[in-house]
Amino acid sequence: MPELPEVETTRRFMVPHVEGRRIVAVELRHPRTGRRHENPADIVDRLQGQRVDRLERHGKFILGRLGSGLTWVTHLGMSGRVLIASPDDPEIAHTHFWARTDLGTEIRFIDPRTFGFVAVFTPEELKKELKLGRDALADLPRSPQLAARLSGRRAPIKSLLLDQRIVSGLGNIYADEVLFRARVRPTRPGGELTTDELKKLRAAIVAVLREGIEAGGTSLSDLAYLLPDGQAGGFRERLFAYGREHEPCRRCGTPIERIVIGGRSSYYCPNCQK
DNA sequence: AGTTCCACCTCAAAGC
DNA sequence: TGCTTTGA
DNA sequence: GTGGAAC
């Protein structure tokens, strides 16, 4: 489940193959991947022959700024990956889109679950189609501004962290990680966080995203604690601290609880995480 | 408007 | 082993 | 991970 760190890692991986290159051939292989367009064929027409000036990221979106002023948008959804390949490399399953550059290499979009998409939008379409808040890494609001955005909200803080219109980039895993780091219960009404908690929360967002990127992103599931320790990746503090539902917390012994917010489940220690 | 719930897909691991 | 269920 | 329906 790619979140901001995975998306940023993917963007950096793509840069040398994309920035300053001209797109010489494009193919959309799966109509669902182009579903954000009324006419998915527009993607091919609008990308063909264009130069990609810069490859940027906003939240979980990868944005290729084109010479024409349009923007080539990639969203990885739940299972999207980007592969760089030669035209004669065998195609792996679920390759739903590719673009070849003047370097002769192909940028291939693989997405088994098809929750991701590719688009090429005008500035107007971009504004209308992508509901985006401030980027959680590059443009994270100071805690007073966060307080203002959260004030009066009764929804659990975790839901609000997942709302890309408030701050964009966090998903289920990183939201849990951030709340653990800040020692804030996921279920707390967003508007009731204290000034101190808000500060800790903000600091935790900065720290956890940095560490995630440093680790090269991670595709671990929220159930990674079920794996042998070595496989889970060091920066994910929470997964080592806690355990499975009903089992004693590894650090304090309190039975672990399972909570479901917005259809996403997670496990936490009601004692360690106030 | 804010909040909650569910559909959208395919695959792999776990359960029986 | 193979089918069903669960969760990402 | 997201968008839309329903309350």
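Chain naming here is simple, since letters A, B, ... match the order of the sequence lines and numbering starts at 1 in each. Just so it is clear, the model here is predicted, and its values are computed rather than measured.
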Separation of [X] atom [atom1] from [N] atom [atom2], in whole Å?
X: L160(A); N: dT3(B); atom1: CG; atom2: C1'; result: 10 Å
X: Y267(A); N: dA8(C); atom1: OH; atom2: P; result: 7 Å
X: R29(A); N: dT10(B); atom1: CZ; atom2: C1'; result: 18 Å
X: K158(A); N: dT3(B); atom1: NZ; atom2: C1'; result: 16 Å
X: I173(A); N: dA8(C); atom1: CD1; atom2: C1'; result: 9 Å
X: R35(A); N: dG3(D); atom1: CZ; atom2: C1'; result: 10 Å
X: E192(A); N: dG2(B); atom1: CD; atom2: C1'; result: 15 Å
X: R188(A); N: dT3(B); atom1: CZ; atom2: P; result: 15 Å

Taking for each residue the nucleotide of DNA chain B with the nearest heavy atom, is it F115(A) or P156(A) whose nucleotide lies nearer the 5' end?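 So the residue in question is P156(A).
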
When you match H30(A) and R154(A) each to their closest nucleotide on DNA chain B, which lands nearer the 5' end?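 Of the two residues, R154(A) wins.
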
Any Q164(A) side-chain nitrogen or oxygen under 4.0 Å from OP1 or OP2 of dG1(D):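 No.
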
For dG1(D), does either OP1 or OP2 sit under 4.0 Å from a side-chain N or O belonging to H75(A)?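 No, no such contact exists.
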
Under 6.0 Å between ring centres: does that hold for H75(A) and F117(A)?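 Ring centres of F117(A) and H75(A) closer than 6.0 Å.
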
Out of [options], whichever nucleotide has its closest atom nearest the side chain of [X]:
X: S159(A); options: dA8(C), dT4(B), dC9(B); result: dT4(B)
X: P112(A); options: dT2(D), dC9(B), dC11(B); result: dC11(B)
X: R264(A); options: dA8(C), dT4(B), dT2(D); result: dT2(D)
X: H94(A); options: dA8(C), dC11(B), dT3(B); result: dC11(B)
X: K131(A); options: dT3(B), dG3(D), dT10(B); result: dG3(D)
X: R32(A); options: dT4(B), dG1(D), dC8(B); result: dC8(B)

Test: R183(A) cationic atom under 6.0 Å from F180(A) six-membered ring centre, within 45° of axis: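 Here R183(A) passes the 6.0 Å and 45° test against F180(A).
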
Using atom P of each nucleotide, how far apart are dC3(C) and dC9(B) to the nearest Å?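 Roughly 25 Å separates the two P atoms.
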
T122(A), D42(A), L126(A) screened by side-chain contact (heavy atoms from CB on, under 4.5 Å) with L70(A), the one that passes: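 Result for side-chain contact (heavy atoms from CB on, under 4.5 Å) with L70(A): T122(A).
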
CZ/R35(A): more than 12 non-hydrogen atoms of other groups inside 6.0 Å: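 Atom CZ in R35(A) is crowded, with more than 12 foreign heavy atoms closer than 6.0 Å.
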
Just to be sure I understand the rule, does G77(A) reach a base, reach only the sugar-phosphate, or reach nothing, if contact means heavy atoms closer than 4.0 Å?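 Sugar-phosphate contact only - G77(A) comes under 4.0 Å of backbone atoms but never of a base.
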
Interatomic distance, K128(A) atom NZ to F121(A) atom CZ [nearest 0.5 angstrom]: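 One gets 8.5 Å once the value is rounded to the nearest 0.5 Å.
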
